[in-house]
Every structure is written in C-alpha cells, then in structure tokens.
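Working notes, structure below.
Predicted model, so just to flag it, every value in this text is computed and none were measured. Below, chains carry the letters A, B, ... as their sequence lines are ordered, and counting in each starts from 1.
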Amino acid sequence: MPELPEVETVRRGLQPAMEGARIAAVDLRRADLRFPFQPDFAARLAGQRILGLGRRAKYLMADLASGDVLMMHLGMSGSFRVGTMPIGEFHHPRNDELVHDHVVLKMANGTTVTYNDPRRFGFMKVVARAALDDEPLLKGLGPEPLGNAFDAQALAAACAGKTVSLKAALLDQRIVAGLGNIYVAEALYRAGLSPKRRASTLATRGGAPTAHAVRLVEAIREVLNEAIAVGGSTLRDHRQPDGNLGYFQHSFRVYDHEGAPCTMPGCGGTIRRFAQHGRSTFWCAKCQK
DNA sequence: ACCTCGACCTGCAAGC
DNA sequence: TGCTTGCAGGTCGAGG
C-alpha cells in the first residue's frame, strides 16, 4: 500500500469532495475490513459535516462537526473513488473490482466517496477527537518524517541501542511514521547506507547523531517530497482518487530494480534483492555500507 | 522490553 | 491450457 506519499496524494485528491461536505448516509457493504466496524460506525457519520481532512502517518483523519474523527487506513490495497464515473483516463473499473467496494459515503450534495480494498487490510474507525491522545492506533507513532520533530537527533535517539537492522527500524512506525518498504529502500540507497546495518550505528555511544543519521534524514525527506510532488507511486493496486496515476515509480532507483546497474555515479554495482524480515529488500551492496 | 515470525486477504505473474 | 507457488505498498499479536 500506500505509504506516506500515496496517502498524502489520496488526501489531497479527496479534499475537494470531502472538506465542507456533509455525509448524508453511509453504505457499509460488509461487516468488517481488517476488523469489524464499530456497531455505531455508520450512525456516527450520518448527517455529519466534514470540517477538514488531515493525515497522521498513513492514516487519513476526517474531522467531523460532531467532535468525532473518522480514521481511515488503506492497508495494502485500499483506494478511493470520487463519484460514479470511471476512474480516470488510464483506468476503468471492472465489474469484478466493484465487489471490493466496501464503504460508500453518500454526500449530501449527491457525490459519492467509495472505498475499495481487495485485500481488506485497511479499516475505518471513529474516535472522539478528545480521546485521540489515548487512541491505541496512534499512541506509539513516531514523528512525521516531514515535520519539524524529525531530525538527525530524534532519529539517532530512537535508534540508539537498537539491535535491529536499519531497514527494520525505518519500517517501525514508532521510530518514524509513514515509511514503508519502497521508501525505506529508496532512502537507504540515496543515503548510501546498508539495510543490514544495525540501527544503533546511527547514534554515538552518547546518543548523539552520527553523520549517517544526518544523511539518512535528508534522504528520507528528499525522497518523500519528490514522491509527493508527482502524486506518489502507482503499482498494481494504487491510483489517485481522480484516477490519474502517480509517477514516482518511474523514479525508483532500487525498488523493483533487481539486476539493474546501480546508477550512483562511478559505482558500477548491480542492484540486488534479498528477503529481510519477510519482505524484499533492494539494494546495491557496493555503494551502500 | 526486545525481536522474529506468522497471520490476516485477494489477485496476479511465473513456472511447470 | 490449467494448476501450483510465490509475491505484493501494512500491521498486529503471539511467542521466544
């Protein structure tokens, strides 16, 4: 799924249809996604005006006039459509994809916002805004990688003493929130750091950031900003709500590039793939140390 | 407390 | 052609 740049792209695409609009009714097409919908889920949405649509990590957060917040997570294969028109110039939904339309928000102005998720790893949940600080799903989340709280100091402190690999640390949403398998690979490559390196090597014994930590923070910020600027990455499942494809997949330098030559100037290595923590890691062993 | 691994689900592509 | 296998952008909870 959708990592931070894709979720942010979805947020921006949904904003015009959702912000300021009122939810007239909610059509729940099944009782559960990753877990069951709350019994009062639809009732708490019906009739509510959406004041704003935000994002925290990979969660979309719709602020409702009632004081509730609708949290939405796209899992691995979740996506939205606005309206009933075929989505975009590149893609027309097939009938067998419509069976995965699980939630339809019927807005008072007549438009519909449809959540589709074949694998159903995504979910939605309503939480009182006043209770957000105690929300278990948000509680342990680390800083936003594009926010002020995320810097080399913070990354080093979070990694200090960690015996896990750098790859595992960056995928850990408690350390930094929003990265996934693609952008971790791309950031580590740009920073010239091995995914196998121990996370603790980003900090000195005193816990201060090393030069590696500084480089990595810059690489993370850079790759996320570039991806957001072009609408995220489009793999087989994901597309923007307006149907347009993201373009960042054309800018992948290592992810899904097994066997390709390393493009770092003067490197001459080859991009390799191996399994790490049950997921594919792509990297160049020659220039990532 | 840490860390690893399996589980959750469907669809697609590659291999036989 | 059809079957089987492995893989996919995430995360949680059980177990070591």
Is any side-chain nitrogen or oxygen of [X] closer than 4.0 Å to OP1 or OP2 of [N]?
X	N	answer
A:Lys162	B:dC3	yes
A:Gln173	C:dG10	no
A:Arg119	C:dA8	no
A:His100	B:dC9	no
A:Arg120	B:dT10	yes
A:Ser77	C:dA8	no
A:Ser280	C:dC7	no

- [ ] Could you let me know what C:dG2 is paired to, Watson-Crick or G-U wobble, both distances under 3.5 Å, or none if it's on its own?
- [x]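 Answer to the pairing question: B:dC16, which forms a Watson-Crick or G-U pair with C:dG2.
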Report the distance from atom [atom1] of [X] to atom [atom2] of [N], rounded to the nearest whole Å.
X	N	atom1	atom2	answer
A:Asp32	B:dC8	CG	C1'	11 Å
A:His73	C:dC12	NE2	C1'	11 Å
A:Leu171	B:dC2	CG	P	18 Å
A:Ile182	C:dC7	CD1	C1'	14 Å
A:Leu170	B:dC3	CG	P	14 Å
A:Arg30	B:dC8	CZ	C1'	12 Å
A:Ile175	B:dC2	CD1	C1'	12 Å
A:Arg279	C:dG10	CZ	C1'	6 Å

TODO: Look only at the side chain of A:Asn225 and the backbone of A:Arg221, and say whether a donor-acceptor pair between them is shorter than 3.5 Å.
DONE: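 Here the side-chain-to-backbone pair exists.
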- [ ] Compare the minimum distances between each of C:dC7, C:dG10, B:dG11 and the side chain of A:Lys58, then state the nucleotide with the smallest one.
- [x]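 The listed nucleotide nearest to A:Lys58's side chain is C:dG10.
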TODO: Measure from the side chain of A:Pro118, starting at C-beta and using heavy atoms only, and say which of C:dT11, B:dG11, B:dC2 lies closest.
DONE: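 So the nucleotide nearest the side chain must be B:dG11.
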Open item on the list: In this structure, would A:Val7 and A:Val10 fall into the same cluster of hydrophobic residues linked by side-chain contacts under 4.5 Å?
Closed with: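 Yes, same cluster.
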Task: Under 3.5 Å side-chain donor-acceptor pair for A:Thr263 and A:Arg253 - done: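 Not at all, the side chains of A:Thr263 and A:Arg253 share no donor-acceptor pair under 3.5 Å.
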- [ ] Over 60° means perpendicular and under 30° means parallel, so classify the ring planes of A:Tyr183 and A:Phe252, tilted if in between.
- [x]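 Perpendicular, since the angle between the ring planes exceeds 60°.
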- [ ] Give me the ring orientation class for A:Tyr59 and A:His73: parallel if the planes are under 30° apart, tilted from 30 to 60°, perpendicular past 60°.
- [x]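 Ring orientation, 0 to 90° scale: perpendicular.
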TODO: Assess A:Lys125 against A:Phe37: is NZ or CZ under 6.0 Å from the centre of the six-membered ring, and within 45 degrees of the ring's axis?
DONE: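 Here A:Lys125 fails the 6.0 Å and 45° test against A:Phe37.
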Open item on the list: In whole Å, measure the gap between the P atoms of B:dG6 and C:dG6 for me.
Closed with: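 Straight-line distance between the two P atoms is 13 Å.
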For [X], which contact category applies under a 4.0 Å heavy-atom criterion: base, sugar-phosphate, or nothing?
X	answer
A:Leu4	nothing
A:Arg273	sugar-phosphate
A:Gly278	nothing

- [ ] May I ask whether A:Phe121 stacks on the base of B:dC8, given the cut-offs of 5.5 Å between ring centres and 30° between planes?
- [x]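 Yes; by the centre-distance and plane-angle rule, A:Phe121 counts as stacking on B:dC8.
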